[in-house]
Amino acid sequence: MEDFGSGGSVQNGRVDEDAASGSGENEQRRAQLKRKMDVKAKKAKKKARLPRPQQPNYTIEQGEDMLLYITNVSSQFEVFRTPRSKKGPKRKSLKNQKKKRKTVRPKSKLEKKAAKKKKEERFSEPQLEAEDRWGQHLPEEVLVNIFQMVVVQDGAVPFLCRVGRVCRLWNAAASTLILWRKVTVGHCWIEPARKQLEKTENKIKKTVTWLAQNRFSQLRDFTLCHWTKNVDFTLEVVSKFCPHLHSIHLSYCKGLTASGIQSLGQHSRSLQRINLQHSEFQVEGLVEYLEEHGKQIREMLFTRSNRSDKVLAAITRGCCPDLELLDVNKKLDSKDTELSVCFQSLQKACPKLKVFRMLNIQINHKPMQKRDESEAGFPLLDEFCIANTEYSYMTDQVLQDILFGSTQLRVLDLRGSTRITTCGLAQLPCPKLECLFWGQYFTKNLGFTSVKKNLHLLMEKWGQTLQQLDITNQPFTGTDLEVALSFLLQVAHTETLLSLNLSGTRVTLQPLRAVVERMTSLNYLNISSCRNLPRGVRKIYRSREDIRKLLDNLH
């Protein structure tokens, strides 16, 4: 071949060298070289015929925990997750890169109206599931009964205000006026003692006005809690639009002046109950109201202070002749100590009194004049409470002068009255006493007398009707307690006694076991700090089941 000969000058040199060793080898080597060159030539021709390789239509990039397979034809890509390599390159952070924001064209009025209509149609579609629309198909009367149960437990506000925004049916049910007869409004708009902005104050006034005009026409009991502003405004609006208002209760409120109280006299002709406990009010305004409209008041409750004594003086003068409940308490941190009360004048001024309570107040009884035979005392008195945690001036004679005509008395609370004796209690004219609270709850050992006795006199007198008995820390001997409890077992019925408090007394195991076995309705028993009992049983038992377990331990 010419090509081979022309390109093999070097080979010819090699052939000349091989000629010295023999012509046979040269021929074989030439044949091998020829075959190799033929193979190379064929491969070169075949390679020349192949089409030009195309560029791949994808690229692969590696991230922190995945491989991105990105096509070059379009913007779509597929994600193949691979285990994250610890030594692999980290993906660049995109925190500092600014994202391109799409410019949104504001919708026109027609587009907004169409979107709103489409949304209403979507919610009114008939193909909604039954469980999603059950509340829209209940009879309104059923919803009202359900709401009434919640209102009794949790109050009308804010429950009715919230359910009224669910749908039209629920709004109609929540607007039923019978549900708004008793309303309690707390600090719904602002926290207590926090400064109110003018905008917030206007919002409060508008809301109160709207509620009074649209919901409170049948309101009877209204309570306002923790309000330091707008108290006068609220009372004026409520009294103006609520002709059936029966009770007003202000709890921990401030800022009640004469104008707010006088608005009650102008509009609330049915008001019978005023509760101002733990609230600050203008005493002169309240006294003026009682002098003008006190005949309609049946219940009066307030917290005692040096200035509020004028209120009690007005009641004693006869401003509230039909008063049935008088409740005066005192703050525990108050420095006001004694209060002088003339019970003889109070009996004449309030002959219909049924409940008398003075809590934590040291009553200094004014000496009475000679009692006339025509005086009846408190003939309708049902509860008499002068509980105290410090000391008391109450004696047997004073107690007798107060309760000489109270034949219907059921509850007698003399906690803290250390000067009262069993003989003085036994002389009271009330034969059907149900609750006797005579425990001593002193933070300091003040006024403790010598050992008391004759507790059995009280068991003989009231054992058949007594349901609750509290003689905490009373210094009766163990023998006296044993005799008294034995009298109780002889006289009382098995289902009469419900609560027994013997804490800190010298009661022994044997009479206690007999009482627990016999009194089958006993569901509260306090025998803590009783040193004559075993240590394992000195505690409070608050259910019938716990008392049964105690009985098993005592056997």
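Only heavy atoms go into these numbers, but all of them, side chains included; no hydrogens, no water, no symmetry mates. None of these values were measured; they are calculated from a predicted model. Along the sequence shown, residues carry numbers from 1.
- When side chains are defined from C-beta on, Val507 does not count as touching Phe476, because their heavy atoms never get closer than 4.5 Å.
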Report the C-alpha separation of Val185 and Leu211 in whole Å, then their side-chain angles, then the decisive distance to 0.1 Å, and conclude whether the side chain to side chain contact (heavy atoms under 4.5 Å, CB included) test is met.
-> CA-CA 11 Å; Val185 180; Leu211 287 174; 5.7 Å; no
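- In terms of heavy-atom proximity, Pro243 sits nearest to Ser217 at CD-O, 4.0 Å.
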Could you check Thr422 against Asn454 for side-chain hydrogen bond (donor to acceptor under 3.5 Å, both in side chains), going step by step and ending with a plain yes or no?
-> CA-CA 6 Å; Thr422 53; Asn454 298 327; 4.9 Å; no
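- With sequence neighbours excluded, the residues forming a side-chain hydrogen bond (donor to acceptor under 3.5 Å, both in side chains) with Thr303 are Asn329, listed by chain and number.
- Applying the salt bridge (charged side-chain N to carboxylate O under 4.0 Å, His left out) criterion to Asp382, with sequence neighbours excluded, gives Arg410.
- The only member of Gln362, Lys330, Arg415 that meets side-chain contact (heavy atoms from CB on, under 4.5 Å) when paired with Asn388 is Gln362.
- Atom CG of residue Leu436 and atom CH2 of residue Trp462 lie 6.0 Å apart, to the nearest 0.5 angstrom.
- With hydrogens and angles ignored, the 3.5 Å screen pairs a side-chain donor or acceptor of Trp180 with a backbone N or O of Ala174.
- The distance from the CH2 atom of Trp438 to the OG1 atom of Thr418 is 10.0 Å, given to the nearest 0.5 Å.
- Legend: side chain to side chain donor-acceptor pair (under 3.5 Å) pairs involving residues 241-251, not counting sequence neighbours, sorted by first then second residue: His246-Gln272, His249-Asn275.
- You'll find the side chain of Glu140 reaches within 4.5 Å of the side chain of Thr176, heavy atoms only.
- Taking each heavy atom of Pro351 and Pro321 in turn, the nearest pair found is CD-O, 3.8 Å.
- Aromatic ring pairs are classed by plane angle as parallel below 30°, tilted from 30° to 60° and perpendicular above 60°; the pair Phe147 and Phe159 is perpendicular.
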For Asp546 and Ser543, what are the C-alpha separation, side-chain angles and deciding distance, and is it a side-chain hydrogen bond (donor to acceptor under 3.5 Å, both in side chains)?
-> CA-CA 5 Å; Asp546 292 342; Ser543 65; 3.2 Å; yes
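- The heavy-atom pair separating Met519 from Ala492 by the smallest distance is CE-CB, 3.7 Å.
- His267 pairs by the side-chain hydrogen bond (donor to acceptor under 3.5 Å, both in side chains) definition with nothing, not counting sequence neighbours.
- In this structure, CG on Asp480 lies 9.5 Å from CG on Leu485, to the nearest 0.5 angstrom.
- Without hydrogens or angle criteria, Ser406 side chain to Leu381 main chain gives no donor-acceptor distance under 3.5 Å.
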Go through the steps for Arg215 and Ser175 under the test side-chain hydrogen bond (donor to acceptor under 3.5 Å, both in side chains), then give the verdict.
-> CA-CA 7 Å; Arg215 296 290 185 268; Ser175 303; 3.0 Å; yes
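- Between Arg317 and Glu291 the shortest side-chain heavy-atom distance falls below 4.5 Å.
- With rounding to the nearest 0.5 angstrom, the CG atom of Asp221 is 7.5 Å from the CG atom of Leu219.
- Scanning for salt bridge (charged side-chain N to carboxylate O under 4.0 Å, His left out) contacts around Glu383 gives Arg357, with sequence neighbours left out.
- Considering only heavy atoms from C-beta on, Val516 stays 4.5 Å or farther from Tyr541 through its side chain.
- For Lys549, the salt bridge (charged side-chain N to carboxylate O under 4.0 Å, His left out) criterion is met by no residue, not counting sequence neighbours.
- Annotation: side-chain hydrogen bond (donor to acceptor under 3.5 Å, both in side chains) contacts of Lys240 (sequence neighbours excluded): none.
- Side chain of Thr223 to main chain of Thr184: no donor-acceptor pair is present (N/O by atom type, distance under 3.5 Å, no hydrogens or angles).
- Contact annotation: the side chain of Ile178 never approaches that of Gln218 to less than 4.5 Å [non-hydrogen atoms, C-beta and beyond].
- Counting heavy atoms from C-beta on, the side chains of Thr472 and Asn526 never come closer than 4.5 Å.
- Looking only at distances, a side-chain donor or acceptor of Trp227 sits under 3.5 Å from a matching main-chain atom of Gly186.
- Residues passing the side-chain hydrogen bond (donor to acceptor under 3.5 Å, both in side chains) test with Tyr393, sequence neighbours excluded: Glu338.
- You'll find the side chain of Asn230 reaches within 4.5 Å of the side chain of Lys205, heavy atoms only.
- Looking at Gln347, its side chain does come within 3.5 Å of a backbone N or O of Ile402 through a donor-acceptor pair.
- A donor-acceptor pair under 3.5 Å is formed between the side chain of Lys461 and the backbone N or O of Leu428.
- Nearest approach of Glu236 to Ser259, heavy atoms of both residues: OE2-OG, 3.8 Å.
- Closest approach of Arg506 and Asn532 over heavy atoms only: O-ND2, 3.0 Å.
- Residues passing the ring-ring contact (aromatic ring centres under 6.0 Å, His included) test with Phe356 are Phe343, Phe384, sequence neighbours excluded.
- In this structure, Gln296 contributes its side chain and Ser268 its backbone to a donor-acceptor pair below 3.5 Å.
- Side-chain contact check for Leu286 versus Leu276: some heavy-atom pair is nearer than 4.5 Å.
- Lys310 meets the salt bridge (charged side-chain N to carboxylate O under 4.0 Å, His left out) test with Glu284; sequence neighbours excluded.
- In this structure, the side-chain contact (heavy atoms from CB on, under 4.5 Å) partners of Thr421, at least two apart in sequence or on a different chain, are Asp396, Cys423.
- Annotation for Arg538: atom CZ counts as buried by contact number, over 12 foreign heavy atoms lying within 6.0 Å.
- Under a 4.0 Å N-O distance rule, the pair Asp322/Lys295 does not qualify as a salt bridge.
- Listed by first then second residue, pairs satisfying ring pair (Phe, Tyr, Trp, His ring centres under 6.0 Å) with a partner in residues 286-321 read Tyr289-His293, not counting sequence neighbours.
- The main-chain N or O of Gly265 is found under 3.5 Å from a side-chain atom of Arg269 such that the two form a donor-acceptor pair.
- In summary, the side chains of Asp401 and Gln397 do present a donor paired with an acceptor at a separation below 3.5 Å, with no hydrogens or angles considered.
- Here the shortest heavy-atom pairing between Ser279 and Leu250 reads OG-O, 2.7 Å.
- Side-chain N/O atoms of Ser503 and Ser528 include a donor and acceptor closer than 3.5 Å.
- Summarising the geometry, atom CZ belonging to Arg304 is positioned 4.5 Å from atom CG belonging to Leu339; distances are rounded to the nearest 0.5 Å.
- For the atom pair Thr395 OG1 and Gln400 CD, the distance stands at 10.5 Å (nearest 0.5 Å).
- For the pair Arg544 (side chain) and Leu522 (backbone), a donor-acceptor distance under 3.5 Å is present.
- Here the side chain of Ser305 pairs a donor or acceptor atom with the backbone of Ser308 at under 3.5 angstrom.
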